[in-house]
Amino acid sequence: MKSIYVGNIPFSASENDMRDLFGEYGNVSAVKLIQDHETGRFRGFGFVEMEDADAAAAIEALDGYEMSGRPLKVNEAKPRAPRPRH
DNA sequence: TCTGAGCGA
C-alpha cells in the first residue's frame, strides 16, 4: 500500500469524487481530504491510499489532471507524523 | 467551508 498526496483540489470536490477519480487507475483503499482543525474548512489537499503499482499509475495519470478548472497536484506522500499523546 | 498554502490526528 502507498499513500498519495493530492494538492490543489477544488473546493467543489468531495472524498467520493476523489475515490471515483483515482479508482479509474486501481483499487482505492482510502481517501482523506484534510480540513482545518479549527474552522473545519477544507484545506484544499488530501491523501489517497492505493496499492503500490496502482498508486504509481494514478500519480502518473492524474498529476496535472484538470478537475473543475484546477490542475491537480499528485505526488507520493511522505509518512504522516506520529499521533501525539492525548 | 465559499477559501488557495500545497504533506494528515
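Chain identifiers are assigned alphabetically (A, B, ...) following the order of the sequence lines, protein sequences preceding nucleic acid strands; residue numbering begins at 1 within each chain.
Closest non-hydrogen pair, A/M67 versus A/P10, comes out as O-CG, 3.3 Å.
At a threshold of 4.0 angstrom between heavy atoms, the contacts of A/S3 include nucleobase atoms, whether or not backbone atoms are also involved. A/E76 comes within 4.0 angstrom of a base, heavy atoms only. When heavy atoms are screened at a 4.0 angstrom cut-off, A/I9 is found touching base atoms of the nucleic acid. Nucleic acid contact for A/G44: base, since at least one base atom lies under 4.0 Å from a heavy atom of the residue. Within the 4.0 angstrom heavy-atom criterion, no nucleotide atom of any strand lies near A/D36.
Remark: P of B/dC7 and CG of A/N75 are 11 Å apart, rounded to the nearest angstrom. In this structure, A/R80 places its CZ atom 9 Å from P of B/dG8, rounding to the nearest Å. Rounded to whole Å, the distance from NE2 on A/H37 to P on B/dA5 is 19 Å. One atom, CG of A/L33, and another, P of B/dA5, lie 18 Å apart when rounded to the nearest Å. Rounding to whole angstrom units, CE of residue A/M18 and P of B/dG8 are separated by 16 Å. What separates CZ of A/F45 from C1' of B/dT3 is a distance of 14 Å, to the nearest Å. At whole-Å resolution of the value, CG in A/N8 and C1' in B/dC7 are 14 Å apart. A straight line from CD of A/Q35 to P of B/dT1 spans 11 Å, rounded to a whole angstrom.
With a 6.0 Å radius and a threshold of 12 heavy atoms from other residues, nucleotides or ligands, A/N16 has its CG atom at or below the threshold. Residue-environment remark: NZ (A/K32) stays at or below the threshold of 12 foreign heavy atoms within 6.0 Å.
Looking at A/D20, its side chain never comes within 3.5 Å of a backbone N or O of A/D17 through a donor-acceptor pair. A/N75 places no side-chain N or O within 3.5 Å of a backbone atom of A/Y5 that could act as its donor or acceptor partner.
The aromatic ring of A/F11 is stacked on the base of B/dT3, with the two ring centres less than 5.5 Å apart and the planes inclined by under 30°. A/F47 qualifies as a stacking partner of the B/dG8 base, centre to centre under 5.5 Å and near-parallel within 30°.
At a cut-off of 3.5 angstrom, the base of B/dA5 holds no donor-acceptor pair with the side chain of A/R43.
Residue-to-nucleotide proximity on DNA chain B shows that, of A/R70 and A/I34, the 5′-proximal contact is made by A/R70. Map A/A81 and A/R41 each onto its nearest nucleotide of DNA chain B; the residue landing nearer the 5' end is A/R41.
Under the 90° criterion around 0 for the glycosidic angle, B/dG4 counts as anti.
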